[in-house]
Amino acid sequence: MSLSSQGDAGTRKTPIPRAKDQDSFDDSIYPPFLKNMDAKLPDYAREGDIEYPFEESSGIGDENRVRGNWTNKSDYLLSVVGFVFGLGNVWRFPFLMFSYGGLAFLVPYFVALVIAAMPMIFVESVLGQFSSLSAIAVWKVVPLFKGIGVTMIMICALLAIYFNLVTAWSLFYLFNSISFSLPWSNCANSWSGLNCTLGSRATCIEMNGTILANGTCLLTIDNETQLIGLKDGNEIPSLRYFHDEVLMLSSSFDEFGTLNWYLGICVLISWIGAFLCLFQGVKSSGKVSYVMVLLPFIIMCVLFARLLSLGGSLDGVLHFFKPDWSVLTGFTVWGQAGVHVFYSVSCCTGGLITLSSYNRFHNNLFKDIWVIIFVDCFSSLCACVLTFAALGFICHQFSIGFDQIQIADGAHLVFVFLAEALSGVPVAPLYCGLFFLMICLVTLSTQLFIVETIVTSICDEFPERLRKNRRHVLTTICACFILLSIPFCTSPGMYWLLLIDHFVITWPILVIAFLECMAISWIYGVDNLLDNIKWITGTYPPFYMMWKLLLKFCCPAVYLCILCFLLLEWKPIYYGSYQFPYWTILLGWGISLLPLLAIPITGITQILMANGTFIQRWRTVLNPDDSWGPALAIHRAEQFPLQVPEARRLLLPPELEFNYKSTEKSLNEDHAASKVEPKPPSIPRSQAPSTRSIAATRNSLPTFERETAI
């Protein structure tokens, strides 16, 4: 029986209550089999703090010395911020703000954040901190749905490759920014092409020309005015550089060209950096997060201050703060906001469960959840302000209006549009280097904790064999990911990433959210979950009934609505003018369904492995596992002290601490032989236990004067 199943009292030991009269002895306060014991019960006198034989109580170091904890609270908060602050904030949220009414998009975004994302952040943080287990092992809470954890890890594996490739692109740009002239700011390159000669902004300005609103360059040569048009809108140098130099992009999905070894080296550097940061577990990754999380915000402020000093950037920021409220009447904007919040806060991937599992048991997670939500919103708004400042600078430079410019989401926004904008800033190599360093740190921090989720989940699933060999597991996983990432450095690698982006990190995440919410709310029980929170923090969360209604009714309905929106709004995939072939769409559906198949397969396996009849097996897989609960015995003893043998020794005098089952068995055998109810032996008053000392000891157990650890 799990510790959270508080309705079943049949497996609990009967506690010894305090006697009304401290000086009188009342044998009715003892369990029946204790009344038949002929044992001496000496007085117990507490001297100082109780030393628990099953926990060290020095209060120094980790609380859980087998698995480890965060060094301090700031390590955890910065690590969660590093995991949450990712590509969704940098290259997707600004595009949605630009496309759906500017500031008006914040209304559906905040609504979706509160009713869809925040409950899942809440649930995953509670499960991880309460059990000190990661994505797979935490499903001891409902063994039938252990496949949800397996699905999370499979999706994390694809996400690790995805973020690693973006980190490699950022490193590629960062290394090439260390020069006097940025290669994507001019057409004096072998990959530029003929159409780039006078069609680019850089070349036109260098020749004292003017970019007109229709995209042509107005030049005055030998007192003669010439208009030179841009033959191909896709020939701007930043786009050509991204396609031909970085990606070496092929013309179709099945056209495999040469491997970009320079990009492959960047992939290798990225994985080596991730390995070194995770080598000491959360001890090293928590310290690295101070740099990887704080430095991007500092760089963002520097870039924003520099862009504000340029013409048109302030107009772009003001355009951002002009909302178009008419977009709220459409269904599309609400669906896009619902999809984005999952992409933004990175829930339902196992990362939040893993990171919170390294917290101390009594950590106040209410504050943590609000910090996560606030930082996610703040970082998204900072990225928006920076993007709109660059947008205003581009419009001013090209002499065009905001309604005449179009931007794309994803890699185009970062590696084409913003790279083109920053290449026109004075001292461009410095600011481009800072910008791509920021992108590299943002993606690498997310990649770190995705890999940490995978490693910790595997080690928690096989703790006896792998927990002591965690570094070997980390080395093996990083080596495998290096081999899996290299094919994405070939010519069609960008198409494969788009396939993952469209199919893997969209609707499967919503399916996981729906099943996770249903399993916790309706099978494990919202009341049990809220009781676990009270066990952790000492109080129930505010708005108790609101959480019950959200988790049981509102959230599942919202997830189904968002899922229906995704399926109804599905469109063919394009990259530029290239439409993905039909067979690639089938391949994408297969890749997205593969992780989800782990849920029914694992569920059937759990049923087959259970013992008993068919009904008993269902009861086993639908109830929490016997080992479900806090990882440390001292925390279990806070609520169920008599279920923990070491805590039971503190409640009863040493003479009473022996095998209860053998005593009961012998009493039952004597009773069966005589067929007469045995008469309890008389216990002299002088040998009666001191109920005062026993009760005092028992009442002191739930309150601890200091942190304890194993």
Side-chain angles (χ1 to χ4, degrees), residues 85-102 105 109 162-163 165-174 177 182 184-185 201 233-234 236-243 246-247 249 296 299-300 303-304 307 312-313 316-317 319-320 336-337 339-340 343-344 379-395 397-398 400 402-425 428 431-432 434-443 446 494-495 497-498 500-502 505-506 573-577:
F85 180 31
L87 295 177
N89 308 84
V90 175
W91 75 18
R92 182 172 172 81
F93 190 79
F95 169 75
L96 294 174
M97 294 286 288
F98 178 81
S99 303
Y100 296 102
F105 181 75
Y109 173 73
Y162 183 90
F163 279 92
L165 263 295
V166 180
T167 304
W169 296 345
S170 304
L171 287 174
F172 194 97
Y173 273 85
L174 176 61
S177 298
L182 295 173
W184 59 88
S185 65
R201 170 201 54 78
N234 293 327
I236 61 175
S238 59
L239 184 60
R240 290 298 301 267
Y241 180 79
F242 183 58
H243 282 172
V246 180
L247 301 178
L249 190 66
I299 295 176
M300 202 177 299
L303 293 176
F304 179 64
L307 285 173
S313 58
V317 176
H319 179 75
F320 165 69
Q336 290 290 353
V339 173
H340 176 71
Y343 192 86
S344 180
S379 57
S380 298
L381 292 177
C382 288
C384 277
V385 171
L386 180 65
T387 303
F388 275 81
L391 181 67
F393 173 63
I394 287 290
C395 291
Q397 202 170 30
F398 281 79
I400 58 177
F402 290 101
D403 55 344
Q404 295 177 293
I405 192 170
Q406 294 182 352
I407 63 174
D409 64 340
H412 269 235
L413 180 61
V414 173
F415 297 101
V416 177
F417 176 76
L418 291 176
E420 177 77 13
L422 291 173
S423 64
V425 176
Y431 294 104
C432 281
L434 289 176
F435 174 72
F436 288 111
L437 176 62
M438 179 192 75
I439 300 298
C440 179
L441 293 176
V442 167
T443 54
T446 305
M494 183 64 178
Y495 301 135
L497 283 184
L498 286 176
I500 294 176
D501 184 64
H502 278 76
I505 54 179
T506 51
I573 304 176
Y574 285 88
Y575 183 74
S577 59

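Every value quoted in this text rests on a predicted model; they were computed, and no experiment measured them.
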Enter the distance from [X]:[atom1] to [Y]:[atom2] here, rounded to the nearest 0.5 Å.
| X | Y | atom1 | atom2 | value |
| --- | --- | --- | --- | --- |
| Leu249 | Leu239 | CG | CG | 9.5 Å |
| Glu420 | Ile394 | CD | CD1 | 6.0 Å |
| Phe435 | Ser177 | CZ | OG | 10.5 Å |
| Leu174 | Met438 | CG | CE | 12.0 Å |
| Leu422 | Phe417 | CG | CZ | 9.5 Å |
| Tyr343 | Leu96 | OH | CG | 10.5 Å |

### Message
side-chain contact (heavy atoms from CB on, under 4.5 Å), that's the test. Do Phe388 and Met97 meet it? Break it down for me.
### Response
CA-CA 10 Å; Phe388 275 81; Met97 294 286 288; 4.3 Å; yes
Between [X] (side chain) and [Y] (backbone), is there a donor-acceptor pair under 3.5 Å?
| X | Y | result |
| --- | --- | --- |
| Thr506 | His502 | yes |
| Ser313 | Ala389 | no |
| Trp184 | Ala419 | yes |
| Tyr162 | Leu497 | no |

Exercise: identify the closest heavy-atom pair between [X] and [Y]:
| X | Y | result |
| --- | --- | --- |
| Ala421 | Ala390 | CB-CB, 4.0 Å |
| Cys440 | Leu171 | SG-CD2, 3.5 Å |
| Phe95 | Trp91 | CB-O, 4.1 Å |
| Val90 | Leu413 | O-CD2, 4.0 Å |

### Query
Under 30°, 30 to 60°, or over 60°: which ring-plane class applies to Tyr173 and Phe242, parallel, tilted or perpendicular?
tilted
Does [X] reach the side chain of [Y], with side-chain heavy atoms less than 4.5 Å apart?
| X | Y | answer |
| --- | --- | --- |
| Met300 | Leu434 | no |
| Phe98 | Leu391 | yes |
| Ser380 | Ser344 | yes |
| Phe415 | Val246 | no |

### Message
side-chain contact (heavy atoms from CB on, under 4.5 Å), that's the test. Do Val425 and Phe393 meet it? Break it down for me.
### Response
CA-CA 9 Å; Val425 176; Phe393 173 63; 4.3 Å; yes
Just to verify, what does [X] make a side-chain hydrogen bond (donor to acceptor under 3.5 Å, both in side chains) with, not counting sequence neighbours?
| X | answer |
| --- | --- |
| Thr443 | Thr167 |
| His412 | Tyr575 |
| Ser170 | none |

### Check: Phe93 ring centre within less than 6.0 Å of Tyr109 ring centre
yes
